[in-house]
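Throughout, protein chains are lettered first and strands after them, A, B, ... in sequence-line order, and every chain is numbered starting at 1. A quick note: this is a predicted structure, and the numbers were derived from the prediction, not measured.
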There are 2 protein chains.
Amino acid sequence: MIRKRIECISCQNESCLIKKFCHDEVAQKFLKKKNTIPCRKTQNIIIEGAPIHGIFFVYSGKVKVLNTGINGREQILRFAKDGEMLGQRGFSTHQYYPIGAVALEDTVLCNFSTNDMRKMLQEIPQMAYDFMVFYADELNRSETKVRKFAHMTVREKVIDSLLYINRKFGQKKGYLSIRLSRKEIADFAGTTEEQVIRVISVLKKDGLIISDAKKLGIPSTDILKQEIDEHHYFIQS
Amino acid sequence: MIRKRIECISCQNESCLIKKFCHDEVAQKFLKKKNTIPCRKTQNIIIEGAPIHGIFFVYSGKVKVLNTGINGREQILRFAKDGEMLGQRGFSTHQYYPIGAVALEDTVLCNFSTNDMRKMLQEIPQMAYDFMVFYADELNRSETKVRKFAHMTVREKVIDSLLYINRKFGQKKGYLSIRLSRKEIADFAGTTEEQVIRVISVLKKDGLIISDAKKLGIPSTDILKQEIDEHHYFIQS
DNA sequence: CGGTGTCTTGATTCTCATCAATTACTGTGG
DNA sequence: CCACAGTAATTGATGAGAATCAAGACACCG
């Protein structure tokens, strides 16, 4: 576990919205003030409903972003990996985090206070613009998801979720490089554990996905993609 | 129908993200170039999948924002009224509008080309920041909706939709000041026309909503709100 | 080698979408 | 002003899909 401070200069996450400005003079005073926070698997990074205390960037590791209904059911909204942002809502009028975030494996985070982040965005116009584009894309993605939840069958939702996980985290040696429980897939797909299991069973029987121990693999995404697209010609995001 | 050009200076929509900068010097050259577009009820403002040709602001009127699956089913993503924005995705990497927009009544729009809008945002940092906050809020709203679609019953979704419509457009003389068909409510709530009718019937019987001719009214939102909150303590948006 | 948690499968129940048929409403032209 | 057509709203019946419930298999860990 990395405990030492991470400097943006030496960071390899080219997609990070901050990294891009690591040579910017104005940015320097803020970059100096950021914190490096290591956290262990299953640890809560952001607690839903807690007062907002800044914005996070994933330096390394994997995270799930979720929120909970009072019935105890949790909805996973998205996953985040290296270079991605968490707790982005400090800017809107909210006082409390509307979402929670949990580390799926050992993770290292960079943290900026909401105040510093605000100032940095106001002082570096290009950064505000970049953030705006980022949010616009996220909004797109989220609205696509609304549509999916409204009209897809469980089978389609599960397939769609598996494809998303595959796109996001990729495969290593033929298997998805992230291990999620059936429950987590269900919470992401918007269904129940049992349904996910049933769909996965059928997909395995049909040879559309493979499994070894607890790992899942997708030999070819083509047929699966095709099935989704046939009924919903979505602009993927 | 207003045909003459609308000037931001004389516009009354205080919530408009552009109006706020109508005295800004840098903004002037862009404001001069905007177009005023009147359109009639049921007219298509944005056609889903068409090449992006700018961003719109509602000067007056009411609009629905939607997208369609190949099965013909449409999902209404949100409604927009005076001062609100349409086709906001010109900034992200998309080439085509991922959504469509249709006028629900006679509507007057202001239009900026994507290029002008981009330049304006780059040249006026505070505007980029405001837009960023706007998107962040929209994202929040959308993610709340994902959660709702995942876990609410049809009855809850319909009630939630009616409350949203009421919040957004308000009531006049005890009735909602917008008239939507059952089908439109269904497309927004993520269910079918028949289900909406059934739920509304029951709600009328229980005196929770009233109707006169085609108009719907909500005498008191308290009980309805309570029903939603009991099962899902959402941060409303 | 218990024990705990995840995974799996089957059976049951229930909600909701669909289909079909009827009624109410709106606008138009004669 | 009324007849008519076309659209929207309504109601009931049915079936499919999905959530829930229950029980057992499996793996992992002390």
Side-chain angles (χ1 to χ4, degrees), chain A residues 41-42 64 69 71-76 104 147-162 175-176 178-206 209-216 227 231-232, chain B residues 40-42 64 69 71-76 104-105 147-162 175-176 178-205 209-217 227 231-232:
Chain A
K41 187 175 174 171
T42 75
K64 62 177 173 182
N71 44 5
R73 250 180 133 154
E74 79 180 26
Q75 176 63 46
I76 295 179
L104 290 170
R147 205 172 20 156
K148 285 175 176 169
F149 271 48
H151 300 312
M152 278 184 164
T153 64
V154 162
R155 180 185 162 99
E156 290 169 332
K157 289 197 275 189
V158 171
I159 290 175
D160 188 70
S161 300
L162 291 175
Y175 294 97
L176 291 176
I178 185 172
R179 169 136 169 33
L180 297 169
S181 71
R182 307 296 195 234
K183 178 74 166 46
E184 283 168 326
I185 297 173
D187 290 338
F188 182 65
T191 180
T192 59
E193 190 180 358
E194 293 95 324
Q195 298 301 334
V196 169
I197 288 164
R198 280 182 239 275
V199 172
I200 287 182
S201 289
V202 174
L203 292 177
K204 279 200 284 196
K205 241 170 233 149
D206 296 347
I209 64 176
I210 54 170
S211 74
D212 176 38
K214 297 285 140 172
K215 287 169 189 275
L216 284 181
E227 182 172 336
H231 294 267
H232 319 262
Chain B
R40 295 239 167 252
K41 187 173 174 172
T42 75
K64 61 178 173 182
N71 44 5
R73 252 181 131 153
E74 79 180 26
Q75 176 63 46
I76 296 180
L104 291 169
E105 38 185 74
R147 203 173 17 158
K148 285 174 176 170
F149 270 47
H151 298 313
M152 278 183 164
T153 65
V154 162
R155 180 185 161 100
E156 290 169 332
K157 288 197 276 191
V158 172
I159 291 176
D160 189 69
S161 299
L162 291 174
Y175 294 96
L176 291 177
I178 185 174
R179 169 134 169 30
L180 297 169
S181 71
R182 307 295 195 237
K183 178 73 167 48
E184 284 169 325
I185 297 173
D187 289 339
F188 181 65
T191 180
T192 60
E193 190 179 0
E194 294 94 325
Q195 297 301 333
V196 169
I197 288 165
R198 280 180 238 275
V199 172
I200 287 182
S201 290
V202 174
L203 292 177
K204 279 200 282 197
K205 243 172 230 146
I209 63 176
I210 54 171
S211 73
D212 175 38
K214 296 283 140 174
K215 286 167 188 276
L216 284 181
E227 182 173 335
H231 294 266
H232 318 262

Practice task
Check whether any side-chain heavy atom of L104(B) sits under 4.5 Å from a side-chain heavy atom of L180(B), and report yes or no.
Solution key: yes

Handout entry: I197(A) CD1 to dG5(C) C1', straight-line distance once rounded to whole Å
Key = 12 Å

Practice task
Give the C-alpha distance, both sets of side-chain angles, the deciding distance and a yes or no for side-chain contact (heavy atoms from CB on, under 4.5 Å) between T153(A) and E156(A).
Solution key: CA-CA 5 Å; T153(A) 64; E156(A) 290 169 332; 3.4 Å; yes

Handout entry: Whether Q195(B) side chain and T192(B) backbone form a donor-acceptor pair below 3.5 Å
Key = no

Problem - K183(A), NZ: over 12 other non-hydrogen atoms inside 6.0 angstrom - result: yes

Problem - Within-4.5 Å side-chain heavy-atom neighbours: E105(B) and R179(B) - result: no

Exercise for the section: Please report the closest heavy-atom contact between A150(B) and F149(A), naming both atoms and the distance. Expected result: CB-CE2, 3.4 Å

Exercise for the section: Can you tell me the distance, in whole Å, between the CZ atom of R182(B) and the C1' atom of dA24(C)? Expected result: 12 Å

Handout entry: dT10(D) OP1/OP2 closer than 4.0 Å to side-chain N/O of K204(B)
Key = yes

Handout entry: Salt bridge E74(B)-K64(B), side-chain N to carboxylate O under 4.0 Å
Key = yes

Completion exercise
In whole angstroms, the gap separating P of dT7(D) from CD of E184(B) amounts to 15 Å

Exercise for the section: Dump the intermediate steps for side-chain contact (heavy atoms from CB on, under 4.5 Å) on R198(B) and V154(B), then the final yes or no. Expected result: CA-CA 10 Å; R198(B) 280 180 238 275; V154(B) 162; over 6 Å; no

Practice task
State, to 0.1 Å, how close S211(B) and L216(B) come at their nearest heavy-atom pair, and which atoms those are.
Solution key: CB-CD2, 3.9 Å

Practice task
Starting at atom CG of D187(A), determine the distance to atom P of dT6(C), rounded to an integer number of angstrom.
Solution key: 12 Å

Practice task
Rounded off to whole Å, could you give me the CG-to-P distance for the L216(A) and dT6(C) pair?
Solution key: 16 Å

Problem - Whole-Å gap separating P (dG6(D)) and NZ (K183(B)) - result: 21 Å

Handout entry: Protein-nucleotide distance (I200(B), atom CD1; dT10(D), atom P), rounded to Å
Key = 7 Å

What does the list of N/O pairs under 3.5 Å between the protein and nucleotides 16-18 of chain C look like, with a distance for each?
from: dC16(C); atom 1: OP1; to: V154(B); atom 2: N; distance (Å): 2.8
from: dA17(C); atom 1: OP2; to: T191(B); atom 2: OG1; distance (Å): 2.7
from: dA17(C); atom 1: N7; to: Q195(B); atom 2: NE2; distance (Å): 2.6
from: dT18(C); atom 1: O4; to: R198(B); atom 2: NH2; distance (Å): 3.0

Fill in the blank from the handout: Atom NZ of K215(B) and atom P of dT26(C) are separated, to the nearest Å, by 11 Å

Handout entry: Overall bend - the helix from dC1(C)-dG30(D) to dG30(C)-dC1(D), comparing terminal axes fitted on five pairs, nearest 10 degrees
Key = 30°

